[in-house]
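Comments concern the structure below.
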Amino acid sequence: MTAGVWLAPDAEAELPMLERPIHFYGGGTSVTELAPHSYRDHLDRFGARPSCRGAAGAALIRRIEEAGLTGRGGAHLPSAIKWRAVRAAAGAAGSVIVANGAEGEPDSRKDAALLELRPHLVLDGLVCAAETLGARQLVVWLHENAHAARSAVSRALAERVAHGPDEPMIRIAVGPDRYLTGESGAVVQALSGGVARPAFRIVPSAARGVDGLPTLVHNVETLARVARLARGEDCSSALVTVCADDTHVVLEVSTSATVQEVIGRVTNADEPAAVLIGGHGGTWCTSSDLGKLTLDEADLRAAGLSLGAGVLAVLAAGTCGLVRTAELADFLARQSTRQCGPCVFGLASIAESTAELARGGWRSRRDADRIARFAAEIKGRGACGHPDGAVRMVGSALEVFADDVAAHRRGRCLATGEHL
Ligand code: SF4
Ligand SMILES: [Zn+2]
């Protein structure tokens, strides 16, 4: 496991948010030498948060635009566009800003690490956004079982209240511990008194969101970066979770680092057989696909990839990629919120067919054609991007593990050598 973390050649120029890797073993609590920042530690390290009212707020939006800041959900919509839309729509009743820390991606731990260790950076970003966009409601949205993150944020809020009377009121709200609870439409719906699940929206939440007010929902890492930009700092790093075997390691890395370098910092495998980029709804790649690919979103997008929730999941040696894909497809099918027919029936069919392939039950090309048909029927037809992610993940597996698909058809697995 790694000791170093910071991969930027210009490391001296930027103050990292996390100076050390954070390990999570077996999905449990974090293990790190880093101590959580108290408000005093935070002020000593990063300095006081500047005001973002009036002209300073307009300047912050320009900095966000120049920095090319986008959300972390994979949609890549520039944050500056969302900020301007909320600012334009906010009337006398104000707007709502949500720091979204409901980390639904099972292999991601970056939001947990940030909230547990550097909660004040997230809260600073939340207040910067609120001042810029005239917000009256500031919310931190979490999974109900994210106990460590919730305690850290509660403690941080208490410290800020004790620090001075001018601190705005921030509340914590929680939703069920499910994959889609952090989807932005689900967040808006839940905070408006509904069920935390995605919804078809004609008017974007930037114009009409929580309780009909213009609403900005940003991932907590995005808000931490806003806090850095408001202080006039560069912010070219990204938080990623590298998942290998039963360990998750959160690293802060330069986006100019290559995917291979980042994985190499965590695993001993020089060339893992395959890596799933972007989380459960991401894309399988081989080492040769990765080449010199960097973590820069533009670089990834040009290759048809996205970092999504910032997950690089390494396929363990001796593990069948098709079996792993079947497990993921089954998980994604079960996480559907069962509102849209193509998602409910299509995902279940894709998951069943993939499980059959993993068991060696495919006998002809018609099986692959059947998956392609389901995929074409559901792509782009859900209220959210969930089914598209599932289709992408399974489709990439059929390409990356094509040799094993052929071997499974003949009743043998190339990865394990077993007869099926
Ligand atoms: S597309 Fe699927 S997950 Fe998304 S809202 Fe519809 S049923 Fe739910
Ligand atoms: Zn196999």
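Start at 1 and go down the list; that is how both ligands and their atoms are numbered.
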Flag for [Y]-[X]: side-chain donor and acceptor within less than 3.5 Å:
X    : Y    : answer
T132 : W83  : no
Q260 : T258 : no
H120 : R160 : yes

Kindly say whether the aromatic ring centers of Y179 and F331 come within a distance under 6.0 Å.
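Ring centres of F331 and Y179 closer than 6.0 Å.
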
With hydrogens left out, which residues have an atom under 4.0 Å from ligand 1, given that only heavy atoms count?
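Protein residues near ligand 1 are L180, P198, S336, T337, R338, Q339, C340, C343, G382, A383, C384, H386, P387.
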
Donor-acceptor pair, distance only, cut-off 3.5 Å: does the side chain of N100 make one with the backbone of G182?
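Yes, the answer is positive, given that a donor and an acceptor are paired below the 3.5 Å cut-off.
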
Would you call E103 and L115 a side-chain contact if the rule is heavy atoms closer than 4.5 Å?
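No; the side chains remain at least 4.5 Å from each other.
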
